[in-house]
Engineer: 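One structure, as structure tokens, below. Some questions next.
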Amino acid sequence: MIINMMYGASDEQIAHVIAVVEHAGYQPHTIRGTERTIVAAVGSGGNRIALEALQAAPGVEEVVAITHPFKLVSRQVKSEPTVVNVRGVPIGGEEFVVIAGPCSVESREQLLAAARAVKSAGARLLRGGAYKPRTSPYDFQGLGEEALRLLAEARDETGLPIVTEVMSTEDVARISEYADLLQVGARNMQNFALLRALARVDRPILLKRGPSATVKEWLLAAEYLLAGGNPNVILCERGIRTFETDTRNTLDLAAIALAKELSHLPVIADPSHGTGRRSLIPALSSAALAVGADGLMIEVHPCPERALSDGPQSLDPEGFRKLMRNLAMPSRTMKPVSA
Ligand code: PEP
Ligand code: MN
């Protein structure tokens with residue numbers, strides 16, 4: 001249930017509502033908007049009648065049921081978009097933010113070359129996998145902590161905040177020491193132990209959509225993070241598995257628009273994994289911008305043909321520069337339409 005407080009409700013009135021919510025057996029989550037405050041009562045099995053009775057409490061405008069199974073991530077609970085601050089870079093606000101870098105950190109030279117190239121082309125964050133979820137156990141698994149140190153060095157040099165994937169609960173503390181944004185990979189979207197651990201860290205989370213997860217399941221995975229105490233979550237659509245085999249995945253543009261409609265959280269798109277094909281990435285990047293994404297995550301390698309992972313979908317520095325120019329100044333625009 002949502003308890004919408006009146007405009008100008010006093011701190012005591014809000015405190016009273018919170019006390020009643022707790023007493024009724026629910027967890028109160030207070031969202032202070034610019035206009036007014038909302039108290040969301042989440043949980044199950046509590047005394048619902050006591051919540052409904054709050055309708056008559058001083059300072060309460062109305063008590064409404066949250067219709068979706070996800071609660072705290074819902075637009076019903078918070079209509080204003082959430083802006084997640086990643087070491088000074090706001091995601092979900094006015095600016096369309098591009099995260100770029102190699103699939104995997106492979107060496108100091110490779111990472112620094114990628115970091116310099118993406119920075120000079122206008123990327124705002126640097127990505128790079130240190131612990132890699134590979135389909136085959138015989139493929140390159142990442143450099144681990146050595147890669148974390150290299151990412152930190154690249155951040156020191158370029159000033160770009162860094163994002164890297166955390167695959168298991170045992171790595172959360174170590175990766176949090178280095179990374180500014182912790183990525184939950186598609187294969188781990190429903191790793192609930194990992195989500196619970198990440199709910200307790202003081203770092204924003206980039207939550208990728210599972211390759212066969214519905215939008216509802218994706219938002220419920222995000223709900224674990226918010227309900228567990230971490231409000232700084234960015235959603236990432238990275239393509240789903242369909243009957244199509246000529247692309248690696250199918251980038252689900254409708255899901256981006258739907259997630260933005262249903263949730264206040266920022267949503268970015270990953271057209272690299274979403275297509276698996278370098279040639280399609282500029283088009284799908286523009287499409288993601290057009291459907292309302294808040295940003296992109298793009299794989300860029302100084303020399304894609306030598307990449308140890310995801311070479312075919314990695315742009316080289318020149319390809320990335322072109323993509324960034326085209327996003328900022330699309331080559332085709334419509335004539336202004338008179339009213
Ligand atoms: C990645 O970002 O390199 C990655 C492995 O992504 P996903 O989890 O979407 O496959
Ligand atoms: Mn990759």
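Numbering starts at 1 and runs along the sequence shown. In listed order, ligands and their atoms are each counted from 1.
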Engineer: Which atoms of ligand 1 sit under 4.0 Å from any heavy atom of Gln183?
Structural biologist: 1 (C), 2 (O)

Engineer: Would you check the N or O atoms of Asp310, main chain and side chain alike, for any that come under 3.5 Å of an N or O of ligand 1?
Structural biologist: no

Engineer: Show which atoms of ligand 1 fall inside a sub-4.0 Å distance from at least one heavy-atom site of Gly185.
Structural biologist: 8 (O)

Engineer: Measure from the side-chain N and O atoms of Asp180 to the backbone N and O of Ile162, and report whether any donor-acceptor pair falls under 3.5 Å.
Structural biologist: yes

Engineer: Counting only heavy atoms not in Arg48, do more than 12 fall under 6.0 Å of its CZ?
Structural biologist: no

Engineer: Nearest heavy atom to atom 6 (O) of ligand 1: which of Met297, Arg209, Lys208, Arg248 does it belong to?
Structural biologist: Lys208

Engineer: Does one side chain, of Tyr131 or Gln141, offer a donor that lies under 3.5 Å from an acceptor on the other?
Structural biologist: no

Engineer: Give a yes-or-no answer on whether the side chains of Thr82 and His264 include a donor-acceptor pair shorter than 3.5 Å.
Structural biologist: yes

Engineer: Give me the nearest non-hydrogen protein atom to atom 4 (C) of ligand 1 as residue plus atom name, then the distance to 0.1 Å.
Structural biologist: His273 NE2, 3.4 Å

Engineer: Protein N/O/S atoms under 2.8 Å of the Mn ion (ligand 2)?
Structural biologist: Cys103 SG, His273 NE2, Glu299 OE2, Asp310 OD2

Engineer: For Cys103, counting its heavy atoms only, list the atoms of ligand 1 lying under 4.0 Å from any of them.
Structural biologist: 3 (O)

Engineer: Take every heavy atom of Gly129, measure it against each atom of ligand 1, and state whether any distance is under 4.0 Å.
Structural biologist: no

Engineer: State, to 0.1 Å, how close Val77 and Lys71 come at their nearest heavy-atom pair, and which atoms those are.
Structural biologist: CG2-O, 3.2 Å

Engineer: If the condition is salt bridge (Lys or Arg N to Asp or Glu O under 4.0 Å), which residues does Glu95 pass it with, not counting sequence neighbours?
Structural biologist: Arg124

Engineer: Indicate yes or no: does Lys132 engage Asp139 in a salt bridge with an N to O separation below 4.0 Å.
Structural biologist: no

Engineer: If hydrogens are left out, which of Cys236, Gly274, Pro133, Ala186 has an atom nearest to atom 8 (O) of ligand 1, that is, the closest non-hydrogen atom?
Structural biologist: Ala186

Engineer: Run the salt bridge (Lys or Arg N to Asp or Glu O under 4.0 Å) test against Arg108 and tell me which residues pass, sequence neighbours left out.
Structural biologist: Glu153

Engineer: Tell me which protein heavy atom sits closest to atom 2 (O) of ligand 1, plus the residue, atom name and distance to 0.1 Å.
Structural biologist: Arg127 NH1, 2.7 Å

Engineer: Assess whether a salt bridge exists between Arg306 and Glu106, defined as any Lys/Arg side-chain N lying under 4.0 Å from an Asp/Glu carboxylate O.
Structural biologist: no

Engineer: Please determine if Glu299 has a nitrogen or oxygen closer than 3.5 Å to a nitrogen or oxygen of ligand 1.
Structural biologist: yes

Engineer: Among protein heavy atoms, which lies nearest atom 10 (O) of ligand 1, and at what distance?
Structural biologist: Arg238 NH2, 2.8 Å

Engineer: Between Gln313 and Thr275, do the side chains contain a donor N or O and an acceptor N or O under 3.5 Å apart?
Structural biologist: no

Engineer: Who passes side-chain hydrogen bond (donor to acceptor under 3.5 Å, both in side chains) against Lys208, sequence neighbours left out?
Structural biologist: Asp270

